[in-house]
Every structure is written in C-alpha cells, then in structure tokens.
Amino acid sequence: MDTNKRPDNMLRITTTELANAFIDEQVAAVREQVGDKKVLLALSGGVDSSVVAALLIKAIGKQLVCVHVNHGLMRKGESEQVIEVFQNQLDANLVYIDATDRFLDLLKDVADPEKKRKIIGGEFIKVFDEEARKLENIDFLAQGTIYPDILESDGVKAHHNVGGLPEDMQFELVEPVKLLYKDEVRVVGRALGLPESMVDRQPFPGPGLGVRCLGAITRDRLNALREADAILREEFDNAGLNKTVWQYFIAVPDVKSVGVKDSKRYEGWPAIIRAVNTTDAMSATIEEIPYELLHKITARITAEVEGINRVLYDLTPKPIGTIEWE
Ligand code: XMP
C-alpha cells in the first residue's frame, strides 16, 4: 500500500467527532511506531508543526523533544506564544533557541532576495542540527507534512522543510498529518485544544519577516516592520477581517521619503499593506478594505511606529504581483 496516498474512502475531517477518531487512531499508530524512543520536532509555531506537536505530546509526552528556533524574523509575539502554549500549558519538552543575532549578523548587507532565503534556510538547518546533536538517543524526526505538500512536492514549503539535514543526521520520519488537507489539520488542532490564534494562523513563509523587510535587513527597519504588522493584525482582528481575508501583512522597502512630524522634517520608510484573497496562493485578488479602517491603521502606524512616515495600500492582484514582496 502506498502510505503517501490518501485512501479514496477517507472521510473529510469536518467535525470534532471525526477529529477525535483521527486523533485516537494516530496516537495508537505513533505509539506503535515509536515505542519508547525519542522523537525530534522543529516547532515553528505554524499550524502544521503545532498540530503535530500537540498530537505527539498526547501520544508520547516527554519522549517528544520540540526545538523552536527563533531566527529573529518571527512576527510580534509568536515565539512567546510557542513557549506559552507548549512549555507552560502543555508541559512539553521544549528547547527554545534565540538565534536572532546569528541570523541577523549573517544577513547584514545582503540585499538579494534569493541569497537572503538561502542564508536563512541554511542557517536554520545548521542551528537545528547543532541542537539535535546535543540530544541523545533520538531515533525519529517528526514533520508537519500535509497532503498538499505530497501532491506538490516542489510546492512553496520546499524552501523551509527540514529535508536538508546532513547525511549522518537522517532519522525515520513521523508524519501523522501527512494525509490531511489544511482545513482538516485545523479541525484536528482545535480538537486537541490549541488556541484559535494558532489554529487559524495565516500562512507565513519559512524565512518569515525576512521576505518582507526588503533589501538588506537592518534591525531598526525590521523592528518597524514587526510593530506595524502587529498593528495591522490587531485592527483586522477587531474589524473581523481575520475571518474573511486570507492573508494580510506589512512589507517595508528600503526607501526613505521626507515627511514632517512635530513640525520637523521626518524621514521615514513607507509601510505597505498587502491583503489578499485566494484559494491556492497561485493567484490572488485584492480585498476591499473600508477606507475608514485604512485611515485608522495609517494613523496608528504613523503615530506609534518609530521610523515609518507613510502607509500605502497595494492594489496589485497576483498575477502580476506575487503575494510576498521579497
Ligand atoms: P508568493 O509570494 O509566491 O507566495 O505569491 C505564495 C504563498 O506562499 C507563501 N510563501 C511561503 N510559504 N515557505 C512557506 O511555507 C516559504 O518560504 C514561502 N514563501 C512564500 C506566501 O506567504 C504566500 O502565502
């Protein structure tokens, strides 16, 4: 039997009952596969790895070792949420590594988007590998592979999956949600008790804010981006747009313009709002955002975020614009 093929008669998991049945089945399967051995998981805090973590904690408890690498390119509050949910609430075996300086030092003065991606991906594997080597008796590697990843194996996730570990660091894989579609992963996550804000999270690129802080990343501009993005998310949440808009974020280019603040010249970067709807990310349309809300977001970002003096709204559909700015 091809274990990478979803059986034709497999029901779509849409209810808590179906999710619970799936969870029971997978808990038994994982226990059977792993026995009393240890499993390693790179926990990004994204939907897929979080659901796998919660499932494995239920199945094997502290035999699961989660490693969360903070590359310094996370959105505001994300690494904190990983620690809160997995360490404090679920009592997981969590190794938290703040590798911000390593990543930002390597990225200094690098403006080319592909080079930035390569540096981030390569360094991620290095940090993860170093941590894995410190641990003893790990036989398995868990991954949040989902069915679309199998169907389009060169899909968007190819960049950041841990597939690139060195030859001598190959483990047997544990991939409990590999036959599920994204909506099913979310239903399972909810049934496992993960918070809505984690289960409903938008897609977020592996290289994180690195693809939204355009050109060579500096700490001050990255910080401005992170704060502006947090305001955008808060305002979209308050307006209920988090339920209708597929993906929304801020990009900050490496360009300054003249402005005026407190009657003085104030040079700053523009914050660009991107808010798109799509089903498969292959093409995307632009969400109509009420002007009133856009004005409010503009007022807040320009008043609250150091370094930003303009807010722009990107009206470009995909194609021709990709969703990310890179
Ligand atoms: P683009 O910019 O190509 O993005 O229109 C399409 C979708 O893919 C997301 N994206 C990524 N997702 N790892 C991911 O898991 C990545 O490296 C990556 N890069 C882009 C992007 O956010 C959008 O949803």
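Both ligands and their constituent atoms are indexed starting at 1 by order of listing.
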Does any N or O of ligand 1 fall below 3.5 Å from an N or O anywhere on [X], backbone included?
{"X": "I323", "result": "yes"}
{"X": "K318", "result": "yes"}
{"X": "Q247", "result": "yes"}
{"X": "G206", "result": "yes"}

Could I get the full list of side chain to side chain contact (heavy atoms under 4.5 Å, CB included) partners for D109, not counting sequence neighbours?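 Testing D109 for side chain to side chain contact (heavy atoms under 4.5 Å, CB included), a comparison that skips the adjacent residues, returns none.
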Assess whether atom NZ of K261 is packed by more than 12 heavy atoms of other residues, nucleotides or ligands within 6.0 Å.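 More than 12 within 6.0 Å, yes.
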Greater than 12 external heavy atoms within 6.0 Å of K58's NZ: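 Incorrect, the count does not exceed 12.
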Which is closest to atom 11 (C) of ligand 1 in terms of heavy atoms, P205, G208, S44?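 Looking at heavy atoms only, the winner is P205.
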Salt bridge R201-D48, side-chain N to carboxylate O under 4.0 Å: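 No.
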Report the part of W246 (side chain from C-beta onward, or backbone N, CA, C, O) that has a heavy atom under 4.0 Å from ligand 1; answer both or neither where that applies.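 Under 4.0 Å from ligand 1, W246 contributes side-chain atoms alone.
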Report yes or no: is the cationic atom of R274 (NZ for Lys, CZ for Arg) under 6.0 Å from the centre of the six-membered ring of Y248, at an angle within 45° of the ring normal?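 That pair does not qualify as a cation-pi contact.
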At the 4.0 Å heavy-atom cut-off, does R117 count as touching ligand 1?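 In this structure, R117 qualifies as a contact of ligand 1 - some heavy atom is under 4.0 Å.
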Distance-only check: which donor-acceptor pairs under 3.5 Å involve side-chain atoms of residues 99-108, not counting sequence neighbours?
unit_1	atom_1	unit_2	atom_2	d
T100	OG1	D98	OD1	2.5
D101	OD1	R219	NH1	3.0
D101	OD1	R219	NH2	3.2
R102	NE	E123	OE2	2.8
R102	NH1	E130	OE1	2.9
R102	NH2	E123	OE2	2.8
R102	NH2	E130	OE2	3.1
D105	OD1	R219	NH2	3.4

